[in-house]
K.L.:
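Below: one structure in structure tokens.
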Amino acid sequence: MKPLVLVLNAGSSSLKYQLLEPDSGEVTADGLVERIGEPVSVITHEQGGNKTVEDLHLPDHRAAIGKALELFAAGGIDLERTDLCAVGHRVVHGGRSFYQPTLIDQHVVDEIFRLAPLAPLHNPANLVGIAAARALLPDVPGVAVFDTGFFHGLPDEAALYAIDRQVTEEHALRRYGFHGTSHDYVSHRAAEFLGRPYDEVNQIVAHLGNGASMSAIRHGHPVDTTMGMTPLEGLVMGTRSGDTDPGLVLHLHRIIGLSVDEIDDLLNKRSGLKGLCRENDFRAVTEMIAAGDEHAKQAYDVYIHRLRRYFGAYLIDLGTTDIISFTAGVGENAASVRADSLARLEGFGIEIDAERNAVRGSQPRIISTDASRTTVLVVPTNEELAIAQAAKVVVSGVA
Ligand code: ADP
């Protein structure tokens with residue numbers, strides 16, 4: 001059997017894991033642990049076609065990873081005896097220091113910790129996952145793959161905030177971009193699918209999941225993206241507002257009297273689709289619209305309006321766009337979002353084919369007409385595979 005990679009994506013109270021073979025992408029097992037640290041945690045594990053869901057108490061990430069290893073073993077995979085070449089960790093913020101997938105040692109751990117103020121909710125959780133993996137699998141090298149990495153070379157005009165330079169430079173405040181692993185994977189997959197050289201095409205990628213972001217890529221180099229210093233900027237998301245007037249934040253504090261933590265909670269957890277119509281799951285929003293719910297329809301319209309605003313910006317920025325790709329839960333599944341966000345753009349050389357757009361599937365596919373100058377695609381993302389492949393490359397280089 002070829003070597004496997006264990007990919008870990010540790011959130012503040014959750015852990016996603018996948019054990020896979022990086023060349024073929026074949027998944028041996030995967031799972032999700034939720035509510036880590038609460039009285040009752042839930043682990044959903046899938047291996048060899050069997051899915052199990054178990055409620056139990058998992059006090060921390062180490063216990064959660066330990067439980068996952070137990071389930072691997074129960075299904076016949078003893079990780080200590082398996083040819084496991086790396087543990088690949090999704091790390092949200094690499095700041096300016098890290099953009100390449102990086103072999104984890106104590107110095108790297110210290111640096112990720114130092115960057116925590118830039119991603120206070122994410123980096124500490126990622127570090128807990130790293131520590132747990134190092135404790136439980138001490139002989140397996142760990143590799144950090146940074147969500148910001150793909151965007152490290154954003155040109156200054158897209159990366160700088162127009163705020164007093166002294167403040168931004170002193171505190172490293174700039175637009176970093178996120179979901180980089182997905183934008184990287186999908187844009188490469190799109191070019192490969194169409195048989196076009198990556199560095200000769202202009203692309204726009206719309207990653208529309210619970211979190212959502214868009215990127216503009218000129219000849220293989222990202223030139224803009226919608227998320228900024230934090231993953232709160234840009235598109236309307238499941239529970240996040242995306243762009244707002246910074247003055248609104250001041251108003252919420254100064255006039256309405258909300259504390260910083262309350263504003264954080266409002267903009268990150270009670271905004272976006274959920275804020276507008278009480279539901280963040282796109283399928284539920286679609287059902288509410290079908291049932292005549294006006295707030296759900298408004299939420300959908302705001303979501304589409306913001307998408308179109310950024311499509312417009314990126315089409316102008318790129319000048320000509322060869323490929324537009326939709327990916328992630330909403331982008332891959334919601335045909336109406338794809339059709340509505342690119343409607344009436346025939347004058348810009350973009351024309352969706354209704355029949356092609358209605359086709360469902362797990363492979364990349366074209367949804368534009370043959371006459372469309374820009375080829376519009378659905379390209380399923382696979383961040384775990386991208387992390388596993390990056391991790392394998394790093395450990396092969398040092399072996
Ligand atoms: P994340 O990884 O950010 O949690 P996903 O990429 O899994 O998010 O996307 C989750 C979103 O995709 C949810 O809003 C969900 O409702 C939506 N989604 C999943 N399947 C469908 C579908 N068949 N039709 C419409 N939306 C869908």
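Hydrogens, waters and symmetry mates play no part in the numbers below; they use all other heavy atoms, side chains included. Atoms within each ligand, like the ligands themselves, are counted from 1 in listed order.
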K.L.:
Can you list the steps and then say if Asp110 with Arg114 is a salt bridge (charged side-chain N to carboxylate O under 4.0 Å, His left out)?
P.N.:
CA-CA 6 Å; Asp110 294 343; Arg114 202 183 55 76; over 6 Å; no
K.L.:
Looking only at distances, please establish whether an N/O atom of ligand 1 is found under 3.5 Å from an N/O atom of Ala334.
P.N.:
no
K.L.:
How close does the nearest protein non-hydrogen atom get to atom 22 (C) of ligand 1, and which residue and atom is it?
P.N.:
Asn333 CB, 3.2 Å
K.L.:
To which protein heavy atom is atom 2 (O) of ligand 1 closest, and what is the distance rounded to 0.1 Å?
P.N.:
Lys16 NZ, 4.1 Å
K.L.:
So which bit of Asn280 gets within less than 4.0 Å of ligand 1, heavy atoms only: side chain, backbone, both or neither?
P.N.:
backbone
K.L.:
Are any of the N/O atoms on Gly329, whether in the backbone or the side chain, positioned under 3.5 angstrom from an N/O atom of ligand 1?
P.N.:
yes
K.L.:
Output yes when a side-chain donor or acceptor of Thr148 lies under 3.5 Å from a complementary backbone atom of Tyr176, and no otherwise.
P.N.:
no
K.L.:
Please list the nearest protein heavy atom to atom 13 (C) of ligand 1 with its residue and the distance rounded to 0.1 Å.
P.N.:
Phe282 N, 4.0 Å
K.L.:
For Ala328, counting its heavy atoms only, list the atoms of ligand 1 lying under 4.0 Å from any of them.
P.N.:
6 (O)
K.L.:
Do Ile366 and Tyr198 share a hydrophobic cluster (ILVMFWY, side-chain heavy atoms under 4.5 Å, transitive)?
P.N.:
yes
K.L.:
Passes salt bridge (charged side-chain N to carboxylate O under 4.0 Å, His left out), Asp55 versus Arg35? Steps please.
P.N.:
CA-CA 10 Å; Asp55 287 353; Arg35 297 193 226 124; over 6 Å; no
K.L.:
Tell me whether the rings of His93 and Phe178 are parallel (<30°), tilted (30 to 60°) or perpendicular (>60°).
P.N.:
perpendicular
K.L.:
Test Lys16 against Asp30 for salt bridge (charged side-chain N to carboxylate O under 4.0 Å, His left out), laying out the working first.
P.N.:
CA-CA 8 Å; Lys16 281 191 203 163; Asp30 62 3; over 6 Å; no
K.L.:
As a quick check of understanding, evaluate side chain to side chain contact (heavy atoms under 4.5 Å, CB included) for His89 and Asn126, giving each step before the final call.
P.N.:
CA-CA 8 Å; His89 295 270; Asn126 301 153; over 6 Å; no
K.L.:
Quick one: which ligand 1 atoms are inside 4.0 Å of a heavy atom on Arg360?
P.N.:
23 (N)
K.L.:
Among all protein heavy atoms in this structure, tell me which lies nearest to atom 11 (C) of ligand 1, with the distance rounded to 0.1 Å.
P.N.:
Val330 CG2, 3.9 Å
K.L.:
How far is atom 25 (C) of ligand 1 from the closest protein heavy atom, and which atom is that?
P.N.:
Arg283 CG, 3.7 Å
K.L.:
Applying side chain to side chain donor-acceptor pair (under 3.5 Å) to Asp184 and His188, what does each step give before you reach the verdict?
P.N.:
CA-CA 6 Å; Asp184 188 0; His188 277 91; 2.9 Å; yes
K.L.:
What protein heavy atom lies closest to atom 3 (O) of ligand 1? Include the residue and the distance to one decimal.
P.N.:
Asn210 N, 3.1 Å
K.L.:
In this structure, would Leu160 and Leu173 fall into the same cluster of hydrophobic residues linked by side-chain contacts under 4.5 Å?
P.N.:
no
K.L.:
Identify the closest protein heavy atom to atom 16 (O) of ligand 1: which residue and atom is it, and at what distance?
P.N.:
Asp281 OD1, 2.6 Å
K.L.:
Within a distance under 4.0 Å of any heavy atom of Gly211, pick out the atoms of ligand 1 and give their elements.
P.N.:
3 (O)
